[in-house]
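Here the structure is laid out as structure tokens; the discussion comes afterwards.
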Amino acid sequence: MGGSSAVEDDWELASTNDAITLVLVGKLGYGKSATGNSILGRKEFDSKQGMTGVTRTCQMESTVRDGRTINVIDTPGMFDWSVGSDEVGKEIVKCINLAKDGIHAVIMVFSIRARLSEGEETTLERLQMFFGERIVDYMIIVFTGGDDLEEDETFTDYLGRVPAPVQNIIQTCKNRVVLFNNRTKDENEKNAQVQQLLIHIDSVIVNNGEEPFSDTIFRELKQGALELQGALELHDKEKVNYNLKGYSAEQIDAHKEEIYKSHEEHLARITEMVEQKLNRTIERLEKKLKEEETARLEAQKKAEDEILKLKESLQKAEKENEEFRRQGGRCSIL
């Protein structure tokens with residue numbers, strides 16, 4: 001396993017295959033699961049109205065559209081670190097394990113129903129700090145709640161009035177943005193919004209040389225999965241030889257358990273690696289926030305000092321003016 005610098009900064013493009021893998025990210029309650037169901041064309045992910053997230057662990061489901069297999073991975077608040085880096089780390093490992101061949105597009109979900117704020121940038125910053133700057137090349141924005149737009153308001157109108165941080169995210173993602181109405185019963189509307197998303201996905205795939213995103217963690221997990229598969233296949237082939245050599249069924253089963261145990265230890269090492277990387281990312285974010293707060297306070301103090309100087313200058317001018325009036329408008333001779 002590579003050192004910390006390789007874990008933090010190293011990434012490479014994985015070989016593509018026929019399947020397209022999408023990962024849904026965003027805050028709890030924004031409609032990730034409902035969006036996943038819309039993409040699948042059926043209900044597979046638990047989804048309920050409200051700001052309380054339903055998804056508790058990563059889950060992958062698949063569908064076929066236009067002859068292509070599309071894997072959709074729904075996630076809990078994977079970058080909501082209030083639950084602790086150990087829990088978040090396990091979910092990241094599970095998500096990457098599901099997408100071990102790489103991610104073709106990251107779907108960042110926002111909600112028209114939510115009050116968007118400067119905090120929305122945090123999710124993007126965490127993704128960039130954890131996976132690297134290149135992750136934004138794979139990102140597409142989906143706004144849920146299309147049915148809540150005002151009757152005389154277009155989606156373009158709405159985007160024009162979202163907070164500046166959200167507009168910055170959209171620009172960072174090269175204006176790859178789609179509006180979803182996950183409540184609609186209109187089949188034409190359902191298909192149209194998914195087709196628009198697929199157009200952006202195809203654009204992302206082409207722009208990235210038809211190669212999905214992958215990094216050190218992906219490679220480690222894929223290698224572990226291949227080793228597990230190989231060991232299990234060899235074990236099954238050797239069953240007859242085990243019997244001929246006098247091994248009991250219990251001993252053969254114990255050997256298989258050892259194979260799984262070795263793989264679980266491999267996953268545990270990767271999970272620990274992810275948790276360490278998360279903690280480093282948290283430290284970097286905290287340092288960045290502290291530096292920004294320090295700069296803000298310094299700018300505020302500078303502004304206050306300037307205001308104080310202006311007040312002092314104004315008071316001095318008023319005193320001089322008052323003295324001038326007392327002397328009858330005559331200049332004093334020193």
Side-chain angles (χ1 to χ4, degrees), residues 22-41 43 45-55 65 70 72-80 104-128 135-205 207:
L22 315 177
V23 174
L24 298 162
V25 300
K27 288 187 177 180
L28 294 173
Y30 275 11
K32 294 190 299 294
S33 299
T35 299
N37 289 333
S38 292
I39 297 169
L40 293 170
K43 184 173 181 180
F45 304 122
D46 289 333
S47 174
K48 294 179 181 178
Q49 177 62 27
M51 294 307 294
T52 301
V54 175
T55 302
R65 284 184 175 272
I70 300 177
V72 182
I73 301 177
D74 190 17
T75 67
M78 209 164 56
F79 285 83
D80 176 12
H104 293 86
V106 177
I107 313 300
M108 179 174 282
V109 180
F110 293 127
S111 174
I112 284 178
R113 300 184 183 98
R115 181 175 295 177
L116 303 177
S117 65
E118 293 184 2
E120 307 301 334
E121 281 188 308
T122 306
T123 301
L124 179 59
E125 287 180 348
R126 290 172 178 177
L127 281 167
Q128 287 178 293
I135 195 67
V136 299
D137 294 338
Y138 293 81
M139 293 183 65
I140 301 166
I141 310 300
V142 166
F143 277 86
T144 63
D147 51 311
D148 273 8
L149 275 179
E150 299 293 336
E151 289 186 7
D152 58 345
E153 184 179 37
T154 66
F155 185 41
T156 302
D157 293 336
Y158 169 79
L159 293 178
R161 62 181 179 83
V162 297
V166 179
Q167 292 186 8
N168 292 338
I169 293 174
I170 294 171
Q171 291 173 6
T172 299
C173 297
K174 305 291 179 61
N175 295 310
R176 295 187 292 265
V177 58
V178 184
L179 177 66
F180 261 50
N181 176 2
N182 292 317
R183 292 175 174 176
T184 184
K185 304 298 182 184
D186 187 326
E187 292 299 325
N188 290 330
E189 184 178 5
K190 288 180 182 180
N191 290 327
Q193 61 193 18
V194 174
Q195 285 301 320
Q196 188 177 1
L197 176 63
L198 288 174
I199 289 171
H200 284 301
I201 291 171
D202 286 338
S203 173
V204 165
I205 291 173
N207 290 338

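What you see is a predicted model; the values in this text were computed from it and never measured.
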Query - Worked check of side chain to side chain contact (heavy atoms under 4.5 Å, CB included) between Asn181 and Asp186 - result: CA-CA 10 Å; Asn181 176 2; Asp186 187 326; over 6 Å; no
Query raised in the report: Going from CG on Leu197 to CZ on Arg176, what distance comes out if it is rounded to the nearest 0.5 angstrom?
Result: 11.5 Å
Requested in this report: Report the distance from atom CD1 of Ile39 to atom CG of Asn182, rounding to the nearest 0.5 Å.
Outcome: 8.5 Å
Query raised in the report: Between the main-chain N or O of Val162 and the side-chain N or O of Gln167, is there a donor-acceptor pair closer than 3.5 Å?
Result: yes
Report task. Determine the minimum heavy-atom distance between Leu40 and Arg65, stating which atoms define it. Result -> C-NH2, 4.4 Å
Report summary line: Heavy-atom closest pair (Val106 atom, Ile135 atom, distance to 0.1 Å) is CG2-CD1, 4.0 Å
**Report entry** Within-4.5 Å side-chain heavy-atom neighbours: Asn207 and Asp137
**Finding:** no
Query raised in the report: Quick check: does any side chain N or O of Gln128 sit under 3.5 Å from a backbone N or O of Val136, one acting as donor and the other as acceptor?
Result: no
Query raised in the report: More than 12 foreign heavy atoms under 6.0 Å from NZ of Lys174: is that the case here?
Result: no
Report task. To the nearest 0.5 Å, tell me how far Ile170 CD1 sits from Met139 CE. Result -> 11.0 Å
Query raised in the report: Side chains of Leu198 and Ile70: does their closest heavy-atom pair fall under 4.5 Å?
Result: yes
Query raised in the report: Rounded to the nearest 0.5 Å, how far does CZ of Arg183 lie from CG of Asp147?
Result: 5.0 Å
**Report entry** Interatomic spacing from OG1 in Thr154 to CG in Asp157 - rounded to 0.5 Å
**Finding:** 3.0 Å
Query raised in the report: Does any non-hydrogen side-chain atom of Phe155 lie less than 4.5 Å from one of Val177?
Result: yes
Query - Residues Ser33 and Asp74: side-chain donor-acceptor under 3.5 angstrom - result: yes
Report task. Might you work through the side chain to side chain contact (heavy atoms under 4.5 Å, CB included) test for Val23 and Lys32, ending with a clear yes or no? Result -> CA-CA 10 Å; Val23 174; Lys32 294 190 299 294; over 6 Å; no
**Report entry** Exam field: side chain Thr172 to backbone Asn168, donor-acceptor pair closer than 3.5 Å
**Finding:** yes
Report task. Indicate the atoms forming the closest heavy-atom contact of Val72 with Gly36, along with that distance. Result -> CG1-CA, 4.1 Å
Query raised in the report: Angle class for the Tyr158/Phe143 ring planes (parallel below 30°, perpendicular above 60°, tilted otherwise)?
Result: perpendicular
Query raised in the report: Donor-acceptor pair, Thr144 side chain versus Phe180 backbone, under 3.5 Å?
Result: no
Query raised in the report: Nearest 0.5 Å, what's the CG-CD1 distance between Leu24 and Ile107?
Result: 6.5 Å
Requested in this report: Decide side chain to side chain contact (heavy atoms under 4.5 Å, CB included) for Thr184 and Lys190; before the verdict, give the C-alpha distance in whole Å, the side-chain angles of both, and the deciding distance to 0.1 Å.
Outcome: CA-CA 7 Å; Thr184 184; Lys190 288 180 182 180; 3.7 Å; yes
Report task. Under the side chain to side chain contact (heavy atoms under 4.5 Å, CB included) rule, what do Leu179 and Leu149 come out as? Steps first, then yes or no, please. Result -> CA-CA 10 Å; Leu179 177 66; Leu149 275 179; 3.7 Å; yes
